[in-house]
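Down below is the structure, laid out as structure tokens.
Since we're looking at a predicted model, the values are computed, not measured.
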Amino acid sequence: MAINGVLVSPLSIIDTKGGDVLHAMKEGDYGYSGFGEAYFSTIEPKAIKGWKLHREMVLNLIVPIGVVRFILYDDRQNQDEPNQFQEVVLSVEDSYNRLTVPPLVWVGFQGLGLEKSLVLNIANIEHSPKEIERKELEEIKFDWRMY
């Protein structure tokens, strides 16, 4: 079941001589909510990063290299079904998509590939430590061993 406000949008890959062009986001795309900054994160195979919640930032996550499993956790009490998880795996090989995560949803992610994976976030605001909450992995009960 999808968490309210979370979008998974298909992206295009344009085959060109010498290497592909991977679409990420345009101003007119569904899920676009402004531009604050874009940044890359890397994740090693089998590594887990989490949990992080942004109070204001909308995340637009794309994996152009590797395979990454994103686990979203919604504990917002004003939702129809609070305490809900959603899993999304992003990679170029399977289905090239963009994951849009609204504010106030917890995010953790795990490297699934055999090599280091690359994650791009196109955020609607600039990064600020004042709008982030963090929890240790064990603070949100989720079984990461599925892969």
Side-chain angles (χ1 to χ4, degrees), residues 1-45 47-113 115-135 137 139-140 142 144 146-147:
M1 182 173 226
I3 291 174
N4 187 23
V6 172
L7 304 172
V8 178
S9 305
L11 298 175
S12 61
I13 299 174
I14 303 165
D15 184 27
T16 63
K17 185 176 178 178
D20 296 337
V21 174
L22 305 175
H23 180 257
M25 180 168 257
K26 297 181 287 198
E27 185 177 11
D29 285 348
Y30 191 61
Y32 178 81
S33 58
F35 177 76
E37 72 174 347
Y39 61 87
F40 292 95
S41 299
T42 60
I43 187 161
E44 299 290 337
I48 300 171
K49 293 185 178 183
W51 294 97
K52 189 187 292 185
L53 174 144
H54 290 274
R55 288 189 210 87
E56 301 171 28
M57 183 183 285
V58 175
L59 310 175
N60 285 287
L61 303 167
I62 301 150
V63 177
I65 299 171
V67 183
V68 179
R69 174 188 188 202
F70 293 89
I71 303 300
L72 311 174
Y73 175 65
D74 187 1
D75 64 354
R76 298 175 289 179
Q77 296 305 307
N78 62 343
Q79 301 301 307
D80 292 337
E81 295 186 42
N83 302 317
Q84 182 178 9
F85 287 97
Q86 181 176 347
E87 177 178 329
V88 177
V89 176
L90 296 181
S91 74
V92 173
E93 290 78 27
D94 293 330
S95 58
Y96 184 51
N97 292 311
R98 178 182 59 247
L99 172 62
T100 303
V101 182
L104 303 176
V105 173
W106 291 96
V107 178
F109 58 103
Q110 179 179 29
L112 296 183
E115 311 248 342
K116 185 186 300 186
S117 295
L118 184 67
V119 178
L120 167 62
N121 181 21
I122 302 173
N124 67 324
I125 62 172
E126 287 186 44
H127 175 78
S128 169
K130 295 178 182 175
E131 65 92 34
I132 297 173
E133 290 183 38
R134 298 176 193 274
K135 289 187 178 190
L137 280 179
E139 291 184 79
I140 295 176
F142 182 81
W144 291 93
M146 295 174 73
Y147 284 90

- prompt: Taking atom CD of E27 as the centre, does the number of heavy atoms from other residues, nucleotides or ligands within less than 6.0 Å exceed 12?
  reply: no

Under 3.5 Å donor-acceptor, N124 side chain and V58 backbone: yes

- request: Report yes or no: does R69 contribute a side-chain atom to a donor-acceptor pair with the main-chain N or O of I48 at less than 3.5 Å?
  value: no

statement: The ring pair (Phe, Tyr, Trp, His ring centres under 6.0 Å) partners of F142 (sequence neighbours excluded) come to F85, W144

query: Counting distance only, does the side-chain N/O of N121 pair as donor-acceptor with the main-chain N or O of N60 below 3.5 Å?
result: yes

- request: Kindly check if the number of other-residue, nucleotide or ligand heavy atoms within 6.0 Å of NZ (K135) is above 12?
  value: yes

task: Find the distance between CH2 (W106) and CD1 (I71) and round it off to the nearest 0.5 Å.
output: 15.5 Å

Atom pair OG/CD of S128 and E37 - distance to nearest 0.5 Å: 10.0 Å

- line: Rounding to 0.5 Å, atoms CD (Q84) and OH (Y73) come to a distance of 10.5 Å

query: Do any N or O atoms from the side chain of W51 and from the backbone of L137 form a donor-acceptor pair under 3.5 angstrom?
result: yes

message: For the CD atom on E133, are there more than 12 heavy atoms of other groups (residues, nucleotides or ligands in this structure) within a distance under 6.0 Å?
response: yes

statement: Taken in chain and number order and not counting sequence neighbours, the residues that satisfy side chain to side chain donor-acceptor pair (under 3.5 Å) with E131 are H54

statement: When rounded to the nearest 0.5 Å, the distance separating CG of L61 from CD1 of I122 is 9.5 Å

query: Any sub-3.5 Å donor-acceptor pair from K49's side-chain atoms to T42's backbone N or O?
result: yes

query: Can you name the residues that form a side chain to side chain contact (heavy atoms under 4.5 Å, CB included) with L11, not counting sequence neighbours?
result: H23, I62, Y96, R98

message: Between D74 and R76 (side chain of the first, backbone of the second, donor and acceptor by atom type, cut-off under 3.5 Å), is there such a pair?
response: yes

